[in-house]
Amino acid sequence: MRMGLLLGGCLLPALGAPEATLHDFIVDGRLVAGRYQGPPWERLDGALVGGGVDRIVWFERALGPGDFHLSARLQIDGLARSAASLVLDRTSHCGFEGADGEMFLSGGLWWSRVGALRNPARRVVDGQPFRLEVIHQAGRLSIRIDGVEVVQQAWNPTRAMEVGFRPWRATMRITECRIAGALGDPPPARQMPPNFTIPVVDLSGEAGRQVVVARGSREVYQGHPTTVLLPDGRTLLATWTIGHGGHCGPLKRSTDGGLTWGDLVPVPASWTTVKNCPCLHRLVDPQGVARLFVFAGNGAMYQSVSTDAGLTWSDMRPNGLHCVVAPLTIEPLAGQRLLAIYHRGHEGDRDATPGVYQAISADGGLTWSGERLVFANDHRFLCEPTLLRSPDRRELVCLLRENHRWYNSWALFSRDDGATWDPPVELPASLTGDRHLARYAPDGRIVMVFRDMADGSPTRGDFVGWVGTWDDLRQNREGQCRLRLLSSPVKVDLGYPGLELLPDGTFVATTYAALAAGEKHSVVSVRFRLDEVDAKLAQGTR
């Protein structure tokens, strides 16, 4: 007769063998075998207690790919719309209450089931302890709350998946978590330090550098902008979304390099049917004709075209490519071709191998072909690529966000215009973040802006810049300095940038950020020059 394992009063099945191994994760509120993402949690009154955005406790071993049974005793305080969740496979969540006030599923593990779990058989209650179980047996994955199944689906993994607990906007109290059954090895450890040593020049308190393009309110969230500067060096366009990853539509023009902005430019109604991070580009075809494009989408990629410098726009139409976020950079190649690089593979794109993709246009961006996989995600979740060419034009670098948050950011290098790419290289913490965008300064230095996500950074979660050289990138050095451009009361949810260089050497870095407590996000620019940065460095400013 096969026997089960008794964990905290809960009988676990034998999982194929009477001697199924028992692994302790958390016992009496003490972390036995795990690690923290973000600041450590505390042990209080026999529970491991943690709260706040991007603070996750991870089990040191991975689940599966064989049968297993996880059992945990926990409590969530401040549950309402907190997005607190059990994290599986690093980026998939079984959430205890989301924005809709219901349990939810998100991430590629669940595929078509992503969304709220309407009226599950049993709900978690704010401030009340409950038993959570995750069971994989006979090709089925089941999640139960106090013995009542709320999720079940087929699951036949070929590799182990990481597991952790994320309190997000709530406080989570975990008394115990134990696992019986098959466990796998965790992914390799990071090779680069999580902190950096170069100085930080703080510009975030200098309000005179900031220009608000579109103010948010308690009701309206303005997010994910990009910009384009026209050849006259004065006309600047910005477009963004309403809501986080929401619909496209808002677009404005500035005729004085971003010091002031006009009213919203009318765009077709079809723009509001396309979501997620619109990207502005000025592209030139082989005949020398320049057009403005906005690319967007989450699944199918769409594009809209303007032939009159952004005064009027075509409808959004699919271009045959697929993405999670549209390409932030499009690089000219030999033969008057264009290279677009982006990432795909998510809930709405089930058949795609998750990873980094590229495509080529031979007609100035009107049509695209040759969509191909550049890097297939493994233990690294590389996404949101950006391109920069070396000063001698012989090399390309592709900088990438690492979305599992187990590593620093990464880079790919190519010496043949993207026909082949070298294996990824983990970058220093000084370059670690999300949604990089770079420009060369007049003196040849590189200015790069992004959302700071380095674990050991004093400005983590802020909108930051990096100043360095091509050799710093190629030799994997930290660079000259960091810039703190904006410090928002809402950390992490900011940073998708535009970055333009005006003829007088002024950089205009445009992002979205909450500017005041209780207010949703605004689109805002920060203006700076490198001679100002150099002067502050000379004064010892940090």
Side-chain angles (χ1 to χ4, degrees), residues 5 7-8 10 12 15 17 19-44 46-74 84-94 107-109 131-136 141 143 155 157-168 172-195 377-381 402-408 426 429 432 453-456:
L5 293 171
L7 293 187
C10 179
L12 274 67
L15 300 178
E19 63 276 8
T21 305
L22 176 64
H23 306 269
D24 287 331
F25 176 17
I26 298 169
V27 178
D28 296 329
R30 180 170 56 89
L31 184 60
V32 175
R35 69 169 189 88
Y36 298 108
Q37 177 177 311
W41 294 26
E42 298 179 273
R43 188 185 183 199
L44 298 172
L48 189 67
V49 181
V53 171
D54 210 32
R55 294 182 68 186
I56 303 176
V57 59
W58 295 97
F59 190 35
E60 72 174 10
R61 300 291 304 280
L63 296 179
D67 290 347
F68 59 80
H69 189 153
L70 177 152
S71 178
R73 186 73 173 169
L74 66 154
S85 66
L86 169 76
V87 189
L88 296 170
D89 207 21
R90 291 201 183 173
T91 55
S92 295
H93 299 266
C94 177
L109 178 64
R131 171 73 58 185
L132 172 71
E133 296 171 85
V134 183
I135 303 168
H136 177 232
L141 184 67
I143 297 179
W155 191 56
T158 58
R159 60 175 176 81
M161 64 179 181
E162 292 73 49
V163 60
F165 290 94
R166 181 187 78 161
W168 212 242
M172 194 173 284
R173 303 173 183 272
I174 309 174
T175 305
E176 65 180 39
C177 180
R178 293 171 171 172
I179 300 171
L183 296 183
D185 292 329
R190 62 158 41 104
Q191 298 299 307
M192 297 294 289
N195 45 31
N377 286 339
D378 44 25
H379 54 277
R380 299 156 294 192
F381 185 171
E402 202 290 302
N403 208 38
H404 286 325
R405 311 303 187 193
W406 284 38
Y407 304 98
N408 293 348
E426 189 176 6
T432 293
M453 293 302 294
D455 281 349

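Here the structure is a predicted model, which is why all the values come from computation and not from measurement.
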Q | Flag side-chain contact, heavy atom, 4.5 Å: F165 against L86 | A | yes
Q) Does a side-chain heavy-atom distance below 4.5 Å link L141 with L109? A) yes
**Q.** Side chains of R190 and D455 in contact at under 4.5 Å (non-hydrogen atoms)
**A.** yes
**Q.** Close side-chain approach of L183 and L63, heavy atoms under 4.5 Å
**A.** yes
(Q) Is any side-chain heavy atom of V32 closer than 4.5 Å to one of H23? (A) no
Q) Does the side chain of T175 reach to within under 4.5 Å of the side chain of I26, using non-hydrogen atoms? A) no
Table please: side-chain donor-acceptor pairs of residues 47-54 below 3.5 Å, with sequence neighbours left out.
unit_1 : atom_1 : unit_2 : atom_2 : d
D54    : OD1    : Q37    : NE2    : 2.8
D54    : OD2    : R460   : NH1    : 2.8
D54    : OD2    : R460   : NH2    : 2.7

Q. Partners of E402 by side chain to side chain donor-acceptor pair (under 3.5 Å), sequence neighbours excluded?
A. none
Q) Going from CZ on R178 to OG on S71, what distance comes out if it is rounded to the nearest 0.5 angstrom? A) 9.0 Å
Q: May I ask you to test the R405-W58 pair for a side-chain heavy-atom distance under 4.5 Å?
A: no
Q. Between atom CD1 of I174 and atom CH2 of W41, what is the distance when rounded to the nearest 0.5 Å?
A. 4.5 Å
**Q.** Value rounded to 0.5 Å, distance of CD1 in I179 from NE2 in H69
**A.** 10.5 Å
Q | Considering all heavy atoms, the nearest F68-A182 contact | A | CB-O, 3.9 Å
Q. How about R131 and E176: do any of their side-chain heavy atoms sit closer than 4.5 Å?
A. yes
Q) Which value, rounded to the nearest 0.5 Å, describes the distance between R173 atom CZ and E42 atom CD? A) 10.0 Å
Q. Closest heavy-atom contact between H404 and D378?
A. NE2-O, 4.4 Å
Q.
Main chain of L31, side chain of R43: is a donor-acceptor contact present, judged purely on distance under 3.5 Å?
A. no
Q: May I ask you to decide if A454's main-chain N or O and N408's side chain share a donor-acceptor pair within less than 3.5 Å?
A: no
Q | Check: F381 main-chain N/O paired with Y407 side-chain donor or acceptor under 3.5 Å | A | no
Q. For the side chain of R61 and the backbone of G184, is there at least one donor-acceptor N/O pair under 3.5 Å apart?
A. yes
Q) So, for H136 and G66, which heavy atoms are closest and what is the spacing to 0.1 Å? A) ND1-O, 3.0 Å
(Q) Treating R55 as the side-chain partner and P40 as the backbone partner, does any N or O pair qualify as donor plus acceptor under 3.5 Å? (A) yes
Q) Looking at SG of C94 and CZ of R166, how far apart are the two atoms once the value is rounded to the nearest 0.5 Å? A) 11.5 Å
